[in-house]
2 protein chains.
Amino acid sequence: MMTEDSDSGTETAAQTAVLDSTEGSATDAGARGEGGDVSEGAARGVSRRKQESRRKLMAAARKLFVERGYHDTRPQDISREAGVGHGTFYLHFEDKLDCFIAFADEAAKELDEVLQSHLQGKGTLEEVVREVMLATVEYSAVNPGVLASALTDVSVLWKGDVGRKAPATRWAEGWTLILDQLKDVGQVSPDIDTRLAGYLIVGAIKQGGAYAQRDHLDLHVYIDSVTQLFVRALKIQ
Amino acid sequence: MMTEDSDSGTETAAQTAVLDSTEGSATDAGARGEGGDVSEGAARGVSRRKQESRRKLMAAARKLFVERGYHDTRPQDISREAGVGHGTFYLHFEDKLDCFIAFADEAAKELDEVLQSHLQGKGTLEEVVREVMLATVEYSAVNPGVLASALTDVSVLWKGDVGRKAPATRWAEGWTLILDQLKDVGQVSPDIDTRLAGYLIVGAIKQGGAYAQRDHLDLHVYIDSVTQLFVRALKIQ
DNA sequence: TAGGATTATTGACAAATTGTCATTATGGGC
DNA sequence: GCCCATAATGACAATTTGTCAATAATCCTA
C-alpha cells in the first residue's frame, strides 16, 4: 500500500518504476528469459566485444520482428541482418522465442524510461493518466510497431515460465502503485480494486493504442477520450 | 447508430452479433485466413470426409496450442495428434500460422455464441456489462487457456493482411454497437466515444481475464469489480 | 611486446522440420 | 462393377535449426 501522507495531489506518483526490470536476456546459461549478464556501463575488451554482437543482433531482431512479425522472422535472417555469423545468434539466444522475449523486454524498458520522464511532478489523477497516455503515444511515434510487441502476451507463444514477470504484468503493477498513492491523497475512489484496475488499464491502453494507430486517430482526441474514460472510472464519484 | 426508440433500458443489446464472422479458414486457395468452404450443415460423402479431417486437425491444434503454445507446436505434431497423414495438414492449412488463425477464429466464434445467449433481454448498462463478463468467465471455465489465444493480436505474429478483421477487432465493434444502443436509451453518457470505448473494453477484458485466471481471483469479485469500473466510466455522470 | 590463457566468433555439418507431389484410397454416379 | 472426382498419404527434396571443433580477438603477465 505504501505509506504516503501528503495532503494534496502533488508529487504523488513520480519515481515509481513502472516497467523496468533491470535485466538483459541471453542464453549463456539458465532458463528462457533469465537473461545474460550484460551490465549497463560500457565494458571494455572481451566483454565489450560480446556486447557489441548482442547489440547488433538485438537491433536486427527488432527491425525484422517489427517489419515481418514473429512468424516470418528466422534466426538466420536475424544473424544475416546483424552481419554476424550464424552461430553467434545461438551464442546469445536460446532460440527465436528467447530472442523475441529479449526484444520485448528491451522495448518495455525503453517505454518505462519515457513514462518516468513524463510522470515527474504530476499529481492529480487526470494529470497522471494524461501524461502516461502522452508517453505511450510519444513512444509509439518514435518506435512505430514496437509497443504491440513489447506488451504482447507471451503465454500465447509459450507456456513455460518466463522466469520473471511479463512487461504488461510489471506495467500493471506499476499502475497499482500509482493508483494506491492517488487513493491515499483522495484522487481515486477508495472502493476501487487498484490491482485489478491496473491490469484493466494496461489492457485497454494496448488495445486502444493498436486501434488508434491502425485507424490513424487524431492523437490529441485519442488521449482526451481515453483520459476522460479512465478518470471517470477511477475518480471519487 | 441503429434506430431504437424504447424509452427504458430493456431489450437493447440483444441479437447484436459480436464476434461471429461466419467463415472457416483453409488454404485450398486464396490468401492467409481467407478460409475454405466448410459449410455449416452436415455434408455427405467426399465433402463429409474432408470436413472430418479438418475437424480432427482443428481439435489437435487447439489442444497443442493451448498446452504448449505457438512456439512449441509443430505442424507435424498437429497431424500426429490428429491421427492423419502429415501431408493432410498442408491440404487444409497453408502453414502453422494459418492453422493458428483458424483456431483463434473458431474460438472467437464459440465465445460469440456464449455472449449471444447471455445478452438476451438484458437492457441496462450494468446488466449488459455483467452478462458479458459472466459469459467470458463461463467460456474460460469451459475452455481453459483458449480465450487468450482467441483474442491475441495476430499482427505481432504476422504483418500481412489477415483478409478479415481480427476477433478482438470484431468484438470491439460489437461493443460499439451495444454502447450506441445504450446511449440511445440514456444508459451511456452521450459524450462517450463509443468506438474507442469498445476497443478499450475489449483490451481490458483480455488483460483482466488473464490476470484473474493467473492469480485465481474469486470470479464473483472479479466480475463485480470490472462491472463497477466499466459502469462508472460509461454511465451518465 | 611475446606468448599463453581466456573468451567470443565462425561456418561447416548433422539433425530436425517443412512443404511438395506422385501414388494410393475413398466415395459418388451410372 | 467401373470410372471419375476428390481426398489422404508418406516418401522425398528443400529449408531451417542447432552444434561444435577450429579460428580469431582480447587480456594478462613477465
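The figures here come from the full heavy-atom set of this structure, side chains too, leaving out hydrogens, waters and symmetry mates. Predicted model, so just to flag it, every value in this text is computed and none were measured. First the proteins, then the strands, lettered A, B, ... as listed; each starts at 1.
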Participant: Who passes side-chain hydrogen bond (donor to acceptor under 3.5 Å, both in side chains) against B:Glu52, sequence neighbours left out?
Facilitator: B:Arg55
Participant: Could you state the CZ-P distance from A:Phe100 to D:dT17, rounded to the nearest angstrom?
Facilitator: 16 Å
Participant: Could you state the interatomic distance from CG (B:Leu64) to CZ (B:Phe100), rounded to the nearest 0.5 Å?
Facilitator: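 If I round to the nearest 0.5 Å, the distance is 12.5 Å.
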Participant: Expressed as a whole number of angstroms, how long is the span from B:Arg55:CZ to D:dA7:C1'?
Facilitator: 16 Å
Participant: For nucleotides 9-21 of chain C, give me one character per nucleotide, 5' to 3': B if any protein heavy atom sits under 4.0 Å from the base, S if the only such contacts are to the sugar-phosphate, - if neither.
Facilitator: BBBB----SSBB-
Participant: Drop me the distance from B:Leu119's CG to B:Ile178's CD1, to the nearest 0.5 angstrom.
Facilitator: 5.0 Å
Participant: Taking only residues two or more places apart in sequence, or in another chain, which ones meet B:Tyr139 in a side-chain hydrogen bond (donor to acceptor under 3.5 Å, both in side chains)?
Facilitator: B:Glu110
Participant: What is the distance, to the nearest angstrom, from the CG atom on A:Asp98 to the P atom on D:dG18?
Facilitator: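 After rounding, the gap between these two atoms is 11 Å.
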Participant: Hey, does the side chain of B:Gln120 reach the backbone of B:Gln116 with a donor-acceptor pair shorter than 3.5 angstrom?
Facilitator: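 Such a contact is found between B:Gln120 side chain and B:Gln116 backbone.
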